Amino acid sequence: MSRVQAEDQLPKVAILCGGRGTRLREHTQSIPKPLVEIGGRPILWHVIQIYLAQGFRRFVLLTGYKGEMIEEFAQGERWPEGAVVQCVDTGLETPTGGRLRVAADALDGERFCATYADGVADIDLHALLAEHAEYGASATMTVVRPELQFGVADLNGDGVVRGFIEKPRSEHWINGGFFCFEPSVLELIDEHHVLEREPLETLAAEGRLRAYRHRGFWDCMDTYKDAVLLNDLWTKGDAPWKLWT
């Protein structure tokens with residue numbers, strides 16, 4: 001992976017950790033979603049490791065639901081030398097955009113990265129930063145083409161089934177998280193905004209939002225089925241997001 005910046009110049013990373021994770025209710029009645037484990041470690045740990053493996057050292061965890069448990073995890077973990085992981089309580093019901101706004105002071109008025117606490121990928125974060133800088137965007141959003149949940153029947157024009165395609169990739173690009181933002185973006189956000197709605201829609205309408213196409217592995221632990229899949233990959237030693245040794 002390319003190294004476009006020294007470690008001490010890399011942006012802070014804001015990680016959205018405050019949601020309730022209602023689709024994972026099997027786990028999240030007792031713990032917050034970021035602490036649901038993959039291979040015996042919280043998925044939040046995996047997300048942080050993706051950044052640590054590429055030289056990022058400054059993290060701001062934007063907490064909400066059961067935030068005290070996330071803070072206990074952050075304080076109790078042995079992070080690499082020079083890594084700083086701090087928690088900011090952004091409120092129980094605050095939406096994703098609002099959490100970034102509440103944490104603005106902790107982001108120091110500088111360019112920053114942001115991501116969700118439940119998505120993993122074999123993403124080249126330096127390439128993301130390089131594209132963001134090259135095009136001078138206010139915001140760059142990683143987009144991915146996820147695998148469809150079901151196989152697809154290949155039909156001819158007469159309705160005859162010619163064959164099947166097992167879980168093909170979607171033809172459409174979706175938000176995969178892993179953002180890079182200029183500090184000016186925070187001025188577009190208030191505490192009631194969902195990041196994926198008003199702020200990103202405004203940036204897109206103004207031509208200030210760039211898409212970074214990630215064509216490698218990506219998955220989001222949205223449901224119990226996703227958690228099982230990620231655990232299976234880890235157990236088999238086939239976890240593509242494991243960029244560290």
Side-chain angles (χ1 to χ4, degrees), residues 4-20 34 44 47-48 50-51 54-65 67 70-71 74 84-119 121 123 125-144 173-214 220:
V4 299
Q5 288 180 281
E7 290 182 1
D8 60 356
Q9 297 175 329
L10 289 170
K12 281 188 174 182
V13 182
I15 305 181
L16 292 157
C17 298
R20 293 181 180 271
L44 173 59
V47 173
I48 294 174
I50 293 169
Y51 282 90
Q54 299 181 60
F56 292 78
R57 289 295 180 266
R58 299 178 295 156
F59 300 88
V60 183
L61 309 184
L62 312 186
T63 65
Y65 175 67
I70 293 175
E71 186 162 8
V84 177
V85 181
Q86 69 177 110
C87 293
V88 176
D89 183 355
T90 55
L92 186 61
E93 303 294 343
T94 312
T96 48
R99 295 191 190 282
L100 289 173
R101 181 66 179 183
V102 170
D105 288 346
L107 299 174
D108 301 334
E110 301 173 353
R111 176 182 296 171
F112 65 97
C113 293
T115 195
Y116 307 105
D118 60 0
I123 183 172
L125 295 164
H126 290 271
L128 166 63
L129 284 175
E131 181 152 326
H132 177 80
E134 179 181 355
Y135 289 94
S138 295
T140 300
M141 175 181 75
T142 298
V143 295
V144 297
W173 296 90
I174 69 167
N175 173 15
F178 299 101
F179 300 92
C180 186
F181 291 119
E182 294 302 314
S184 59
V185 169
L186 294 174
E187 299 171 7
L188 300 175
I189 304 174
D190 69 33
E191 294 184 22
H192 305 292
H193 279 163
V194 175
L195 174 64
E196 301 79 8
R197 295 178 187 166
E198 299 93 341
L200 292 186
E201 288 171 357
T202 297
L203 288 165
E206 296 175 354
R208 299 165 57 196
L209 177 62
R210 179 100 189 148
Y212 172 73
R213 294 178 176 87
H214 173 61
C220 175

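Computed from a prediction, not measured in an experiment: that's the story for all the values here.
Under the 3.5 Å distance criterion, the side-chain polar atoms of R99 are matched with a main-chain donor or acceptor of G91. Proximity of a side-chain donor or acceptor of E196 to a complementary backbone N or O of E201 within less than 3.5 Å is not detected. Side chain of H193 to backbone of P95: no donor-acceptor contact under 3.5 angstrom is found. T90 places a side-chain N or O within donor-acceptor distance of the main-chain N or O of T63, the cut-off being under 3.5 Å. The closest donor-acceptor contact from the side chain of R210 to the backbone of T142 lies at 3.5 Å or more, if one exists at all. Between the side chain of R213 and the backbone N or O of V143, no donor-acceptor pair lies under 3.5 Å.
Under the ring-ring contact (aromatic ring centres under 6.0 Å, His included) criterion, F181 pairs with F112, F179, sequence neighbours left out.
Contact record, A139 with L203: CB-CD1, 3.8 Å, taken as the closest heavy-atom pair. Residues Y51 and C113 share a closest heavy-atom pair of CE2-CB, 4.4 Å. Listed here is the closest heavy atom pair of R101 and L186: NH1-O, 2.6 Å. The minimum heavy-atom distance between V85 and A74, with the atom names listed, is CG1-CB, 4.0 Å. Across H214 and I123, no two heavy atoms sit closer than the pair CE1-CA, 3.6 Å. Across all non-hydrogen atoms, the minimal contact from I70 to P34 is CD1-CG, 3.9 Å.
Side-chain contact check for L195 versus L100: some heavy-atom pair is nearer than 4.5 Å. At least one side-chain heavy atom of F56 sits less than 4.5 Å from a side-chain heavy atom of P11. The shortest side-chain heavy-atom distance between L125 and I50 falls under the 4.5 Å cut-off.
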Query - Residues L62, I15; criterion side-chain contact (heavy atoms from CB on, under 4.5 Å); working and verdict - result: CA-CA 6 Å; L62 312 186; I15 305 181; over 6 Å; no
Requested in this report: Tell me, with the steps shown, if I48 and F59 meet side-chain contact (heavy atoms from CB on, under 4.5 Å).
Outcome: CA-CA 8 Å; I48 294 174; F59 300 88; 4.0 Å; yes
Query raised in the report: Given the rule in the side-chain contact (heavy atoms from CB on, under 4.5 Å) test, do N175 and M141 qualify, once you have shown the distances and angles that lead to the verdict?
Result: CA-CA 7 Å; N175 173 15; M141 175 181 75; 3.6 Å; yes
Requested in this report: Step by step, work out the side-chain contact (heavy atoms from CB on, under 4.5 Å) result for L61 and L16.
Outcome: CA-CA 6 Å; L61 309 184; L16 292 157; over 6 Å; no
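Checked for salt-bridge contact, E93 and R20 meet the test: a charged N lies under 4.0 Å from a carboxylate O. Ionic pairing of E110 and K12 is not present here: no N-O contact between side-chain nitrogen and carboxylate oxygen is shorter than 4.0 angstrom. In summary, E182 and R111 engage in a salt bridge, as defined by a charged side-chain N under 4.0 Å from a carboxylate O.
In this structure, E134 CD and L129 CG are separated by 13.0 Å, a value rounded to the nearest 0.5 Å. Here L107 contributes atom CG and R58 contributes atom CZ; the two are 10.0 Å apart, rounded to the nearest 0.5 Å.
The closest side-chain donor-acceptor pair between E198 and H192, if any, does not fall under 3.5 angstrom.
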